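Okay, structure first, notes after.
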There are 2 protein chains.
Amino acid sequence: MDKHKRTKLEARGWKIGTTAQFLDLTPEEAAFVETKLALSHSLRARRTKQQVSQTTLAKRLGSSQSRVAKMEAADPTVTIDLLLRALYALGATPRDIATALRRSGDLMAV
Amino acid sequence: MDKHKRTKLEARGWKIGTTAQFLDLTPEEAAFVETKLALSHSLRARRTKQQVSQTTLAKRLGSSQSRVAKMEAADPTVTIDLLLRALYALGATPRDIATALRRSGDLMAV
DNA sequence: TGCGCATATGTCAGGACTGACATAGTTTGT
DNA sequence: ACAAACTATGTCAGTCCTGACATATGCGCA
């Protein structure tokens, strides 16, 4: 199971580089990364809109500031479970998540 | 961190009993469980529709039949990450996930 | 009935993730 | 310029999750 290393590279590629290096990703891998990125972006959007600091959100979650930072950076050590928990802690609904995912799909289609 | 035990009870409650025992769930917990259930149902629907056995899907995932069974049962030892990976392995797109979540939200609203 | 196939459930060693801490860089207000 | 608040990144021990295995149940069919 090398998903750890792969995802690390992928996440960096998306963040630092352009959309280019998606060529060596299987559709499943791309979809998974895409999902993670959509959620992490959604998380930061919600948090900043609500004027909540990473530290505050961390306390609410029973977590730490550093982990929240990693969530928003789509760090490979962060799971989608954790991202969802954070989003729900910020008042998101499954419907909101659905919307965020649908939008991400539109982006990918470009 | 007692989420393990809690989620176990919650999942069973939803599966075995009725919608009644949702009273002792915070909105965030309810949303999380709801998400998990929506995905597990979606997984089984996709798999059966494609006439794929749990064993076959397991091989495709590099996993085992027992784990696929637990995925579809929304077992507490299964993460949303794993559920998503399985769904994507069955050809689902983030858009499909979004649709599944949106529908689950509608159900909850009843 | 007996056999093969699909699914459900329990258990466990090993690897992945978590929260916490340390530290550095960045932004904002004075 | 300085401090305070906020955010980014690395590391690590303890815990959770994973795949694998064993086993049981159910189902169709010869």
Side-chain angles (χ1 to χ4, degrees), chain A residues 1-12 14-16 29 32-33 36-37 39-41 43-90, chain B residues 1-12 14-16 32 36-37 39-41 43-90:
Chain A
M1 187 158 303
D2 53 0
K3 75 181 173 186
H4 208 274
K5 188 178 59 183
R6 295 196 74 131
T7 310
K8 182 163 213 163
L9 292 174
E10 292 154 13
R12 290 207 173 274
W14 180 273
K15 256 177 36 187
I16 296 175
E29 287 172 326
F32 191 81
V33 174
K36 207 159 162 179
L37 288 167
L39 295 179
S40 64
H41 290 161
L43 176 60
R44 184 189 289 273
R46 265 189 181 269
R47 183 181 63 77
T48 54
K49 178 155 194 177
Q50 296 182 19
Q51 312 241 35
V52 177
S53 74
Q54 291 182 343
T55 306
T56 303
L57 174 57
K59 250 169 223 150
R60 213 183 282 178
L61 282 171
S63 181
S64 57
Q65 178 268 325
S66 64
R67 193 135 294 274
V68 173
K70 286 177 223 272
M71 290 182 212
E72 295 182 354
D75 187 282
T77 70
V78 167
T79 61
I80 287 184
D81 289 54
L82 192 57
L83 281 167
L84 285 179
R85 270 186 235 278
L87 280 162
Y88 290 145
L90 284 176
Chain B
M1 189 158 303
D2 53 357
K3 76 183 170 186
H4 207 277
K5 189 177 57 184
R6 293 197 76 133
T7 309
K8 182 163 211 163
L9 293 173
E10 292 153 13
R12 290 209 173 273
W14 180 274
K15 256 179 32 190
I16 296 175
F32 191 79
K36 207 159 163 181
L37 288 167
L39 295 178
S40 65
H41 290 161
L43 176 60
R44 185 189 288 272
R46 267 189 179 269
R47 182 181 64 76
T48 54
K49 178 155 194 176
Q50 296 183 19
Q51 311 240 39
V52 177
S53 74
Q54 292 182 343
T55 306
T56 303
L57 174 57
K59 252 171 220 149
R60 212 183 283 177
L61 282 171
S63 182
S64 57
Q65 179 268 326
S66 64
R67 192 135 297 272
V68 173
K70 286 177 223 273
M71 289 183 215
E72 295 182 353
D75 188 281
T77 71
V78 166
T79 60
I80 287 183
D81 288 55
L82 191 57
L83 281 167
L84 285 179
R85 270 186 233 279
L87 280 162
Y88 290 146
L90 284 176

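Nothing here was measured: the structure is a model prediction, and the numbers come from that model. Residue numbers begin at 1 in each chain, while the letters A, B, ... track the order of the sequences.
- Taking the side chain of Ala69(A) as heavy atoms from C-beta on, and the options dT11(C), dG19(D), dA8(D), the nearest nucleotide is dA8(D).
- Leu57(A) has its CG atom 16 Å from the C1' atom of dA8(D), to the nearest Å.
- Taking both residues in full, the closest heavy atoms of Leu37(A) and Ser40(A) are given as O-OG, 2.9 Å, listed atom of the first, atom of the second, then distance.
- Checking dT18(D), dT7(C), dT18(C) against the side-chain heavy atoms of Arg67(A) singles out dT18(C) as nearest.
- Of the listed nucleotides (dG10(C), dT18(D), dT11(D)), dT18(D) has the atom at the smallest distance from the side chain of Leu82(B).
- A straight line from CD of Gln54(A) to P of dT26(C) spans 15 Å, rounded to a whole angstrom.
- Rounded to whole angstrom, the span from the CZ atom of Arg85(B) across to the C1' atom of dT18(D) amounts to 11 Å.
- Between Gln65(B) and dA8(C) there is no side-chain polar atom (N or O) within less than 4.0 angstrom of OP1 or OP2.
- Interatomic distance, CZ of Arg47(A) versus OG of Ser53(A), reported as 7.0 Å (0.5 Å rounding).
- Remark on DNA chain D: of its neighbouring residues Val78(B) and Val52(A), the 5'-side contact belongs to Val52(A), judged by nearest-heavy-atom nucleotide.
- The side chain of Thr79(B) places an N or O atom within less than 4.0 Å of a non-bridging phosphate oxygen (OP1 or OP2) of dT18(D).
- Tested against Gln54(B), the residues Gln65(B), Lys70(B), Arg67(B) include a single side-chain hydrogen bond (donor to acceptor under 3.5 Å, both in side chains) partner, Gln65(B).
- Distances from the side chain of Ser66(A) to the nucleotides dG10(C), dT18(C), dA22(C) place dA22(C) closest.
- Going from atom CG of Asp81(A) over to atom C1' of dA16(C) covers 13 Å, rounded to whole Å.
- The phosphate of dT7(C) (OP1 or OP2) has no side-chain N or O of Arg44(B) nearer than 4.0 angstrom.
- Using a 4.0 Å cut-off, some side-chain N or O of Ser63(A) falls inside it from OP1 or OP2 of dG19(C).
- Partner Met71(A) forms a side chain to side chain contact (heavy atoms under 4.5 Å, CB included) with one of Leu61(A), Thr77(A), Leu87(A), Thr79(A) and no other, that one being Leu61(A).
- With rounding to whole Å, Lys59(B) atom NZ is found 11 Å from dA20(D) atom P.
- One interatomic measurement links the two molecules: CG of Asp75(A) to P of dA20(C), which rounds to 17 Å at whole-angstrom precision.
- Proximity note for Ser64(A) (side chain, C-beta onward) versus dT11(C), dT18(D), dA20(C): the nearest is dA20(C).
- The distance between atom CD1 of Ile80(A) and atom C1' of dT18(C), rounded to the nearest whole Å, is 16 Å.
- A side-chain donor-acceptor contact under 3.5 Å links Lys36(B) to the backbone of Val78(B).
- On a pure distance criterion of 3.5 Å, a polar donor-acceptor pair joins the side chain of Lys70(B) and the base of dG10(C).
- Here dC6(D) presents its P atom at 11 Å from CD of Gln51(A), a figure rounded to the nearest Å.
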